[in-house]
Amino acid sequence: MAEIVTDSSPQNPNTQIPLYTRRGNKIDNIQGWELSHFQWSQLKTNLNRFGPPFVKFLSKDGCPVYNCHGLTFGSRRTSVEATNLMINRILDDDGFDEVTMKEVQEGDVIIYADEDGEIQHSGIVVEMMEFAGFDASIPRVWSKWGHGQETVHHFQSMPYKNVTPKYYRMRRWKP
Amino acid sequence: METIKISPSPNANEVVLVANTPSFIFKRLREDTVVRYIADTHSSDDIAKWFSDHPEKPESVEELVLRYMYLVALSMKDAKDYSRLIGNLPLGSFQWGREIGELAAARTRPVTVISIGPPTPKRATISSTSSTGIFLPDFQSRWVK
């Protein structure tokens with residue numbers, strides 16, 4: 001059952017749900033209900049600079065209940081706490097190992113860290129694109145942009161600047 | 001003097017909309033021109049007064065964005081002012097308020113360097129810089145449709 005978070009609005013209190021890694025460690029999370037998805041969708045931004053063929057928005061509006069890690073690791077149920085400690089714990093506890101860019105394939109998880117090494121975004125690789133003149137494939141990623149929309153995008157076409165991707169595959173069935 | 005109403009810039013809105021972490025908001029809003037404008041045209045006390053003139057809890061996303069903007073603007077002011085004023089701001093009333101306040105405190109914390117001991121003779125040194133970043137080629141220009 002969802003538990004109400006105490007310091008939120010009494011009208012639409014934020015909640016958290018029991019969520020655990022494979023190893024059984026608790027995943028800190030919060031479901032954001034305070035400000036509605038309608039309010040978030042009314043924000044004036046410059047996100048319309050993104051579009052085909054590099055970015056496909058999967059819905060008209062976003063959803064503040066779950067974040068990118070909630071999509072990647074939580075089946076859209078909640079916003080997973082986006083600290084390095086939490087994300088690295090999930091990766092380790094769930095049996096993920098890092099893979100190189102050359103090894104990346106569909107289903108792998110992509111984690112973006114900024115110039116200070118702080119994890120700022122995550123997603124799931126859904127396609128490997130072929131490029132003329134390149135002896136390599138380029139990932140296309142399914143991710144959610146914060147409180148905003150889910151997108152399928154070229155791995156570098158997104159509003160998170162100065163970030164470096166790392167890739168992970170669930171190889172260990174038991175952590 | 002005419003008072004200019006501060007509104008969230010599309011950039012600030014976007015930063016808050018897509019943010020997954022408080023550090024993302026803190027770092028990216030420090031680059032926002034409207035936040036820079038607030039820091040340049042308001043005293044630290046004016047910024048603190050802005051918080052007391054508004055309800056503690058934001059009732060719209062725009063109000064939430066404005067709180068982040070004013071908080072980050074305060075972090076760009078004098079470190080002593082920040083330390084003096086931050087404790088009175090209602091940072092617990094909106095998401096990531098406390099976290100951004102702590103990030104700002106760490107960034108604005110004054111550092112005092114004290115030299116102890118006799119001066120050492122200067123020695124010629126060769127310095128070099130290296131990039132630890134990973135180069136990511138511009139694949140977009142080669143996108144195959």
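Here the structure is a predicted model, which means the values were calculated and not measured. A, B, ... follow the sequence lines: proteins, then strands. Residue 1 opens every chain.
No donor-acceptor distance shorter than 3.5 angstrom exists from the side chain of A:Tyr66 to the backbone of A:Ser75, with no hydrogens or angles considered. Looking at B:Lys77, its side chain does come within 3.5 Å of a backbone N or O of B:His42 through a donor-acceptor pair.
Contact annotation for B:Glu59: only backbone heavy atoms (N, CA, C, O) come within less than 4.5 Å of a heavy atom of chain A. Residue contact with chain A, scored on non-hydrogen atoms closer than 4.5 Å, involves the backbone and the side chain of B:Val16 alike. Of the two parts of A:Leu47, the backbone and the side chain both hold a non-hydrogen atom closer than 4.5 Å to a non-hydrogen atom of chain B. Using a 4.5 Å cut-off between heavy atoms, A:Asn46 contacts chain B through both its backbone and its side chain. Both the backbone and the side chain of A:Gln39 come within contact range of chain B, each with at least one heavy atom under 4.5 Å from a heavy atom of that chain. For A:Glu115, the part lying under 4.5 angstrom from a heavy atom of chain B is the side chain only.
Ranking B:Val61, B:Leu64, B:Asn11, B:Val15 against chain A, the residue ahead of the rest is B:Val61, based on heavy-atom pairs under 4.5 Å.
Note on ring orientation: taking the six-membered ring where Trp is involved, the planes of A:Tyr112 and A:His121 are parallel (angle under 30°, cut-offs 30° and 60°). Relative orientation of the B:Trp50 and B:Tyr70 rings is parallel, given thresholds of 30° and 60° on the angle between their planes. Between A:His147 and A:Trp40, the ring planes are parallel. Angles under 30° get that label, and only those over 60° would be called perpendicular.
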Item to check | Residues A:Phe50, A:Phe57; criterion ring pair (Phe, Tyr, Trp, His ring centres under 6.0 Å); working and verdict | outcome: CA-CA 9 Å; A:Phe50 295 104; A:Phe57 289 92; 7.4 Å; no

